[in-house]
**Student:** 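Dropping the structure in here first, questions after.
None of these values were measured; they are calculated from a predicted model.
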Amino acid sequence: MKIKLLITTLFLFLTYLVSITDATAVDKVRAKAILIKTNNAIGITHMTVKRTRKFSGKLGLAVKHERFAKKLYEAGNFDKAVQHSLFARKCATEAMQENSAKTNTLFILSTEEKTILAGSASDDDLKKEANADNSTDIKDEELMNGNLNLEIL
């Protein structure tokens, strides 16, 4: 009797662990929606920085991580793509604050995004990952006249 109870308890525990893991996994459709939301927030930030000419480097950092997120998304690594995209949105939000600009709902993390972020790598680890892919920093000034190259197909 005790063995049956132990096996049942173990089965329920393992089922619980699998459900937690699956809850944080991001599928292609959800990842695309998150990246598009971040792209739109970065677009607003780009227009704001272009208008105010206050260059802090946060816009460049946001673009760098969103470009890396796009690359990860296209490679099928949706979880990491979303982590970098949410970090990019955080940088865009900081750039808006530094420019004394108002943000809208595009900049606010949903409950699901907060859950994903809670299980995400640290900001420093995300920066290391993006730098390992491309060590070139993007200056805000370099982005003023061109396409941000963030479109998701």
**Student:** Let me confirm one number: the CD1-OG distance from Ile34 to Ser85, rounded to the nearest 0.5 Å.
**Tutor:** 7.0 Å
**Student:** Between Lys64 (side chain only) and Asn134 (backbone N and O only), is there a donor and an acceptor less than 3.5 Å apart?
**Tutor:** yes
**Student:** Please assess Asp27 against Phe78 for the test side-chain contact (heavy atoms from CB on, under 4.5 Å), listing each intermediate value before the final yes or no.
**Tutor:** CA-CA 6 Å; Asp27 66 4; Phe78 306 125; 5.8 Å; no
**Student:** Please check if Val49 and Ile138 belong to a single hydrophobic cluster, counting links between Ile, Leu, Val, Met, Phe, Trp and Tyr side chain heavy atoms closer than 4.5 Å.
**Tutor:** yes
**Student:** Is it true that the side chains of Asn99 and Thr48 contain a donor and an acceptor less than 3.5 Å apart?
**Tutor:** no
**Student:** Does any N or O in the side chain of Thr93 come within less than 3.5 Å of the main-chain N or O of Arg89, such that one atom is a donor and the other an acceptor?
**Tutor:** yes
**Student:** At their closest point, which heavy atom of Lys54 faces which heavy atom of Ser100, and how far apart are they?
**Tutor:** NZ-OG, 4.5 Å
**Student:** Does the Thr115 side chain pair with the main chain of Thr111, one donor and one acceptor, at a distance under 3.5 Å?
**Tutor:** yes
**Student:** Are side-chain heavy atoms of Met96 and Ile44 found at a separation under 4.5 Å?
**Tutor:** yes
**Student:** Report yes if some heavy atom in the side chain of Lys71 is under 4.5 Å from a heavy atom in the side chain of Asn77; otherwise report no.
**Tutor:** no
**Student:** Please name the pair of heavy atoms, one in Leu143 and one in Gly60, separated by the smallest distance, quoted to 0.1 Å.
**Tutor:** CD1-CA, 3.9 Å
**Student:** Does either side chain, that of Ser122 or that of Asp124, offer a donor lying less than 3.5 Å from an acceptor on the other one?
**Tutor:** no
**Student:** I need the minimum non-hydrogen distance between Ala121 and Leu126, along with the two atoms involved.
**Tutor:** O-CD1, 3.9 Å
**Student:** Quick one: does any side-chain atom of Thr45 pair with a main-chain N or O of Ala41 as donor and acceptor, under 3.5 Å?
**Tutor:** yes
**Student:** Would you find a donor on one side and an acceptor on the other, under 3.5 Å apart, between the side chain of Lys37 and the backbone of Ile108?
**Tutor:** yes
**Student:** For a quick test of reading the model, state the closest non-hydrogen atom pair linking Glu66 to Asn39 and the distance between them.
**Tutor:** OE2-OD1, 2.6 Å
**Student:** Measuring from Glu142:CD to Leu59:CG, what's the distance to the nearest 0.5 Å?
**Tutor:** 11.0 Å
**Student:** Applying ring pair (Phe, Tyr, Trp, His ring centres under 6.0 Å), which residue pairs with at least one partner in residues 84-103 are found, sequence neighbours left out?
**Tutor:** His65-His84, His65-Phe87, Phe68-His84
**Student:** Using modelled atom types only, decide if a donor and an acceptor are shared between the side chain of Gln83 and the backbone of Lys80 within a distance under 3.5 Å.
**Tutor:** no
**Student:** Please report the C-alpha distance between Glu74 and Ile152 in whole Å, then the side-chain angles of each, then the deciding distance to 0.1 Å, and finally whether the side-chain contact (heavy atoms from CB on, under 4.5 Å) criterion is met.
**Tutor:** CA-CA 9 Å; Glu74 290 171 347; Ile152 304 294; 5.7 Å; no
**Student:** Kindly indicate whether the side chain of Lys90, heavy atoms from C-beta on, has any atom under 4.5 Å from the side chain of Leu117.
**Tutor:** no
**Student:** Where do Ile42 and Ala62 come nearest, in terms of heavy atoms and distance?
**Tutor:** CD1-O, 3.8 Å
**Student:** Might you work through the salt bridge (Lys or Arg N to Asp or Glu O under 4.0 Å) test for Asp140 and Lys58, ending with a clear yes or no?
**Tutor:** CA-CA 7 Å; Asp140 293 354; Lys58 297 288 177 142; over 6 Å; no
**Student:** Give every donor-acceptor pair under 3.5 Å between a side-chain atom in residues 144-151 and any protein atom, sequence neighbours left out.
**Tutor:**
from, atom 1, to, atom 2, distance (Å)
Asn147, OD1, Asn149, N, 2.8
Asn149, OD1, Lys70, NZ, 3.4

**Student:** Tell me whether Ile36 is reachable from Leu72 by hopping between hydrophobic residues (I, L, V, M, F, W, Y) whose side-chain heavy atoms are closer than 4.5 Å.
**Tutor:** no
**Student:** Can you name the nearest heavy-atom pair linking Ala31 to Val26, along with the distance?
**Tutor:** N-CG1, 3.5 Å
**Student:** Indicate if Phe107 and Leu109 have the same hydrophobic cluster label, given that clusters are the connected sets of ILVMFWY residues with side-chain heavy-atom separations under 4.5 angstrom.
**Tutor:** no
